Amino acid sequence: MFTMIENDDLQHISSVLTDWYKKNKRDLPWRNIHDPYRIWISEIILQQTRVAQGYDYYLKFTQQFPDVQSLANAPEDEVLKCWQGLGYYSRARNLQAAAKRIMAQHNGKFPSNYDDILALKGIGEYTAAAISSFAFKQPYAVVDGNVFRFLSRYFGIDSPIDSGAGKKQFAKLAGLLLDKLQPDLHNQAIMEFGALQCTPTGPDCMNCPLETSCFAKEQGKISDLPVKEKKTRVTHRFFHHLVFICGEETLLSKRSDKDIWQNLYEFPLYESTKLCSFEEILMEKNWISEIAGLHPIHISYQSKEIKHILSHQIIHAVFYVVNTESTALQLPHFTPVKIEHLNKYPISRLTEKFLKKFSENLSCSKNKYIFTAN
DNA sequence: TTCCTGAAGA
DNA sequence: TCTTCAGGAA
């Protein structure tokens with residue numbers, strides 16, 4: 001498929017990349033280490049996540065869970081709490097599932113075999129290649145977004161990177177280009193080059209060591225490459241959360257199913273196909289009567305519509321603060337939680353943002369919480 | 001296809 | 001304020 005590319009050319013490109021890397025690389029805490037556990041954690045955090053966003057999480061996570069065993073034995077809530085705010089929470093759940101598997105099947109020692117690594121939950125071809133090469137110097141080529149971008153531009157490949165055929169083609173080329181004598185250095189170099197030099201927009205072609213032989217630069221196609229074909233369309237969802245206050249307590253529920261924010265906690269939710277009024281919520285859910293019985297309730301706050309945007313969903317959310325005088329806050333499938341302990345539960349950014357505003361406007365006297373909205 | 005969030009640009 | 005962009009696995 002790439003018979004027109006000479007081996008000497010490929011070796012030359014690789015050496016240009018590694019030379020560039022030695023001069024321009026960022027100094028990051030997961031660089032120049034060989035502990036497969038820490039390399040693994042860093043790679044999972046950096047999946048779909050920028051260095052600037054994941055940096056502090058890496059430090060916090062590896063401090064709280066310094067090895068496979070501590071991660072495997074931790075309560076899932078603690079792992080998710082540590083991950084809170086980073087997004088794609090299945091990464092954290094898979095991380096722990098993989099840690100348990102390493103304890104059971106590999107005596108707690110991180111596997112060094114590529115296929116064993118690939119078999120772990122949350123590890124695909126990219127991450128398996130990264131760990132194999134960085135930690136064990138095995139000759140597997142990484143193909144991440146940076147590599148797609150550099151290869152497509154430099155060699156002028158317009159196969160869509162999100163098609164099966166395209167992925168195969170890029171993987172083959174990346175394998176040919178790989179320096180098998182120093183796969184760790186080569187892989188780090190080509191990704192860092194994509195991240196810092198051959199950037200998605202505004203690549204620094206003026207200072208690029210490969211400028212004169214770059215197809216995209218030559219043909220003026222930098223902004224056309226790489227090619228993606230699939231665009232995701234968004235669906236709208238409407239969330240109504242009831243924040244009960246009864247004495248020192250409130251209610252949470254744990255998300256389940258195969259939906260967003262799996263295993264995170266949230267305030268009792270009524271979801272519908274459109275935004276609706278408090279009266280309409282009462283028609284659908286009899287929470288109020290189950291909790292308060294004949295006691296009066298008081299809605300001390302209603303948030304304005306909050307738009308929370310995910311890659312493929314737009315959540316329209318409204319929060320209601322409902323005060324009741326009921327003796328005990330109990331409802332099947334819901335967890336009574338002391339308001340002062342709310343910060344112990346893993347929650348989404350949406351809930352976190354509401355909770356921040358909530359806490360700022362909450363005062364407590366004589367074991368009674370008063371919410372005063374502004 | 002469905003999982004998230006935040007930064008940057010319009 | 002709204003839109004676009006960045007980033008892998010199941």
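These numbers come from a predicted model, not from an experiment. Computed over heavy atoms, backbone and side chain alike; hydrogens, waters and symmetry mates excluded. Letters go in sequence order (proteins before strands), and every chain restarts at 1.
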Does [N] have OP1 or OP2 sitting under 4.0 Å from an N or O in the side chain of [X]?
X       : N      : answer
T201(A) : dC5(C) : no
H308(A) : dC4(B) : no
N146(A) : dG7(C) : yes
H312(A) : dC3(B) : yes
Q313(A) : dC3(B) : yes

Between [X] ([atom1]) and [N] ([atom2]), how many Å, whole number?
X       : N       : atom1 : atom2 : value
Y126(A) : dG7(C)  : OH    : P     : 11 Å
W40(A)  : dG8(C)  : CH2   : C1'   : 16 Å
I306(A) : dT1(C)  : CD1   : P     : 13 Å
L86(A)  : dG6(B)  : CG    : C1'   : 11 Å
E43(A)  : dG8(C)  : CD    : C1'   : 11 Å
D162(A) : dA10(C) : CG    : C1'   : 16 Å
R93(A)  : dA9(C)  : CZ    : C1'   : 12 Å
Q47(A)  : dA10(C) : CD    : C1'   : 11 Å

Would you classify [X] as touching base, sugar-phosphate or nothing, given that sugar-phosphate means primed atoms plus P, OP1 and OP2, and contacts are heavy atoms under 4.0 Å?
X       : value
Y88(A)  : base
I123(A) : sugar-phosphate
R149(A) : sugar-phosphate

key: Whichever of R349(A) and R237(A) has its nearest DNA chain B nucleotide further upstream toward 5'   = R237(A)
message = I want to confirm an ordering. Mapping K258(A) and Y57(A) to their closest nucleotides on DNA chain B, which one lands closer to the 5' end?
response = K258(A)
Could you run down the sub-3.5 Å N/O contacts of the protein with nucleotides 7-10 of chain B?
none

Donor-acceptor under 3.5 Å (E325(A) side chain, P296(A) main chain) = no
inquiry  = Using modelled atom types and a 3.5 Å cut-off, is there a donor and acceptor pairing between side-chain atoms of E280(A) and backbone atoms of S277(A)?
reply    = yes
task = Indicate, with yes or no, if the rings of F155(A) and F215(A) have centres closer together than 6.0 Å.
result = no
ask   = Taking the six-membered ring for Trp, are F334(A) and W287(A) ring centroids under 6.0 Å apart?
value = yes
message = Go nucleotide by nucleotide along DNA chain C from the 5' end; which of K121(A) and L46(A) gets its closest nucleotide reached first?
response = L46(A)
task = Let me know, please, whether G124(A) or T199(A) comes out on the 5' side of the other along DNA chain C by nearest nucleotide.
result = T199(A)
task = Establish whether the base of dC4(B) is bridged to the side chain of S311(A) by a donor-acceptor pair shorter than 3.5 Å.
result = yes
ask   = When Ile, Leu, Val, Met, Phe, Trp and Tyr are grouped by side-chain heavy atoms lying under 4.5 Å apart, directly or through other members, which residues fall in the same group as Y140(A)?
value = Y114(A), L118(A)
remark   = Cluster membership besides M206(A), Ile/Leu/Val/Met/Phe/Trp/Tyr side chains within less than 4.5 angstrom, sorted by chain and number, is none
inquiry  = Working note: Q169(A) + S159(A), criterion side-chain hydrogen bond (donor to acceptor under 3.5 Å, both in side chains); need CA distance, chi angles, decisive distance, verdict.
reply    = CA-CA 8 Å; Q169(A) 193 182 358; S159(A) 316; 2.5 Å; yes
From the options [options], select the nucleotide whose nearest atom is closest to the side chain of [X].
X       : options                 : answer
L310(A) : dT3(C), dC4(B), dA9(C)  : dC4(B)
Q48(A)  : dC3(B), dG8(C), dA10(C) : dG8(C)
I309(A) : dT3(C), dG8(C), dG6(B)  : dT3(C)

ask   = Taking the six-membered ring for Trp, are W261(A) and F239(A) parallel (under 30°), tilted (30 to 60°) or perpendicular (over 60°)?
value = perpendicular
request  = Kindly write out the residues that satisfy side-chain contact (heavy atoms from CB on, under 4.5 Å) with A130(A), not counting sequence neighbours, or none if the list is empty.
outcome  = E43(A), Y126(A), F134(A), V142(A)
Between R91(A) and T49(A): side-chain donor-acceptor atoms closer than 3.5 Å = yes
ask   = By a strict heavy-atom criterion of less than 4.0 Å, which residues belonging to residues 259-272 of chain A are in contact with DNA chain C?
value = none
message = Just to verify, what does H316(A) make a ring pair (Phe, Tyr, Trp, His ring centres under 6.0 Å) with, not counting sequence neighbours?
response = H236(A), F238(A)
